[in-house]
Amino acid sequence: MSEPIIELQEVFKTFGRIVALNGVSAEIIQGEFFSLLGPSGCGKTTLLRAIAGFEDPDSGNIRIDGRDMTGVEANRRPTNMVFQNYAIFPHMTVAGNVGFGLTRKKLGTTETMRLIDEALRMVSLEGFQERDARTLSGGQKQRVALARALILRPKVLLLDEPLSALDRKLREQMQSELRNLQRAVGITFVLVTHDQEEALTMSDRVAIMFDGSIVQISTPEELYTAPANLQVAEFIGSMNFLRATVGRATSQGTEVEVEGLGKLIMASESVKPHSAGDNVSAGIRPEMLTVLFDEEAGTARVAEGQIADRSYYGDMTYYAVRLEGTEQTVTVSMRNTANRPILPLGSRVRINWNADSIVLF
Amino acid sequence: MMRGGFRFLTAYVAAYLLFLYAPVLLLPIFAFNDSRVVAFPLQGFTLDWFRLLLETEPLHAATRNSLIVASVAAFLSTAMGLCAARAATRHSFAGKKGIMGLIMVPLVLPEIIVGVSLLVVILQAGFNLNLWSIILGHVLICTPFCTVILSTAFSNLDRNLEEAAIDLGETKLTTFRRVILPLVMPGIMASILIAFTISLDEFIIAFFLSGTETTLPVYIWSQLRFPARLPSVMALGTVLLAISLILLVSAEYLRRRASDRSAAANAGGNF
Ligand SMILES: Nc1ncnc2c1ncn2[C@@H]1O[C@H](COP(=O)(O)OP(=O)(O)OP(=O)(O)O)[C@@H](O)[C@H]1O
Ligand SMILES: [Mg+2]
């Protein structure tokens with residue numbers, strides 16, 4: 001693992017009685033694409049602004065590139081920011097905006113122009129130099145904001161929900177462009193978002209924030225398959241939760257009795273820290289459950305049920321299946337393929353699962 | 001019933017507008033009327049009264065004084081309004097509402113009270129009455145207008161623009177110069193023009209606070225005692241009317257441009 005570029009130690013910040021940051025500790029690694037993901041009001045913007053130098057933490061410590069940032073003004077930090085509304089200077093041209101931060105470097109006209117051209121090429125806005133910034137579309141403003149920040153070669157680029165104002169199509173396009181740009185320049189990106197899909201698709205690592213605290217930092221895959229707690233599991237994607245009881249440990253693994261699914265053996269490792277007799281919650285994602293069609297061979301692990309509800313999404317169908325002998329309903333998602341019919345409500349089905357994909361809370 | 005009410009309203013509006021603008025329209029009519037008596041029927045066209053204006057030496061002095069007073073007062077009250085507006089829109093401090101309220105009070109204070117009380121203070125303090133005492137009074141009554149105009153300009157300004165400038169390495173001071181000032185400049189110009197116009201035609205305070213040197217309105221008032229000078233006063237009034245109109249229209253134009261600008265700035269996210 002390479003060097004941390006940002007180190008956060010027990011950062012606290014309150015606004016009157018509101019605790020915006022409740023002891024945030026994290027390390028962000030040099031060159032990674034790092035996302036801060038959490039529901040509205042959890043303190044993402046506050047944390048980003050504390051890193052940028054626009055909020056002074058009440059206590060705790062922020063180090064960037066090994067330097068303690070306490071008392072260092074925003075204009076002296078090796079960070080640059082892309083604001084949510086882009087904050088493009090309306091009284092300047094595109095070149096004026098992009099070259100804004102170069103002015104105080106006194107590079108001379110030719111060098112400045114060259115850097116502006118280069119930065120605009122980087123965000124695919126060649127030839128926009130003399131355009132009035134007010135006449136740009138949202139996506140173009142976004143690119144100008146990126147170029148304006150990246151031209152200064154910051155150690156860290158901070159982005160506060162940069163894509164939330166764009167329409168869906170443009171947003172998806174910008175997601176991959178942003179990702180490619182980050183790889184190309186090799187600068188550490190810290191992205192704030194409340195859109196989990198965005199965080200999962202773009203990031204090397206994601207930090208999940210709730211109520212001013214980071215509850216999990218991990219890769220997108222880990223976050224999805226091994227959420228640290230129930231709250232994270234509920235927040236990321238969708239998940240079925242079934243009542244379960246931990247049984248005894250055997251040589252193959254630990255027995256777990258799951259309501260509606262019956263007794264199954266789980267790797268002892270994934271049962272930790274629960275022990276025999278504990279009442280727990282077993283979480284399983286809809287795509288980890290499968291509806292078995294008649295021609296598909298059954299396996300040992302099946303449960304019987306009846307389709308209580310159905311949502312059709314074109315490529316996918318979501319079934320709500322009431323499990324036999326319980327009041328428990330689970331959601332099962334099925335990819336729609338040529339040989340799979342869309343099952344009608346009330347059909348009796350068998351469902352199948354993989355014990356490895358069950359997470360206990 | 002309806003029809004009668006409608007006719008009455010139309011007549012009312014017509015009478016109202018006539019009452020409001022007829023005197024103003026009479027000004028240019030008599031300014032070009034070839035008679036010493038300000039009365040109908042009109043006697044023919046002349047430019048004599050305007051020519052007379054050019055030859056009246058004390059009038060020139062009064063005009064010069066008025067221009068000096070209005071310029072200095074406009075500049076000072078805009079500078080003060082700038083500080084007040086900035087403080088009001090960006091910072092929160094104890095007693096902010098009260099202080100902002102106090103700045104606005106001269107807006108509703110009878111000018112005669114402002115004039116008399118300033119006169120007492122200046123004389124008690126042992127100062128002489130001169131153009132500066134008039135400027136002082138005018139700054140007092142112009143500052144609320146400037147503060148209101150500039151507060152609008154500042155509150156339309158996106159706060160993120162300032163932070164963006166600081167983020168890009170600028171200091172508070174250079175941010176003000178490179179970002180804030182250019183964006184509120186139309187507001188500043190509007191404020192200067194409004195203050196200039198207010199000061200230019202202010203009479204009561206200027207009357208109380210002028211020493212040996214007077215401003216144009218005070219001079220006009222002194223001329224009204226001589227009926228023979230009335231037509232040339234009308235000519236002077238016409239000139240002033242034209243100037244005021246031009247200033248007000250420019251101020252309004254600039255104010256609209258200011259809000260257009262900040263609107264464009266705010267439109268960043270939600271295009
Ligand atoms: N300047 C401020 N004054 C008072 N309270 C503030 C201030 N800034 C943030 N807060 C409060 O701190 C908490 C965290 O705010 P923050 O803006 O960091 O949330 P967020 O995670 O960015 O939310 P969102 O996704 O809605 O942008 C919120 O309760 C918010 O109301
Ligand atoms: Mg936010």
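To find a chain, count down the sequence lines: A is the first, B the second, and so on, and within it residues start at 1. The structure displayed is predicted, hence computed values, not measured ones.
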If one checks every heavy atom of Thr174(B) against chain A at 4.5 Å, the contacting part turns out to be side chain
Pair Gln84(A), Ser164(A): side-chain N/O donor-acceptor within cut-off below 3.5 Å:
yes
Check: Does Lys172(B) make a cation-pi contact with Phe176(B), if we ask for NZ or CZ under 6.0 Å from the ring centre and within 45° of the axis?
Finding: no
Whatever's closer than 4.5 Å to a heavy atom in chain B on Phe100(A) counts as both
The interface call for Phe54(A) against chain B, heavy-atom contacts under 4.5 Å, is side chain
Phe189(A) six-ring centre to Arg183(A) NZ/CZ under 6.0 Å and within 45° of normal:
no
Nearest heavy-atom contact between Pro154(A) and Asn80(A) is CB-OD1, 3.4 Å
Of the listed Met92(A), Arg148(A), Arg76(A), Arg77(A), the one with the largest count of heavy-atom pairs under 4.5 Å with chain B is Arg148(A)
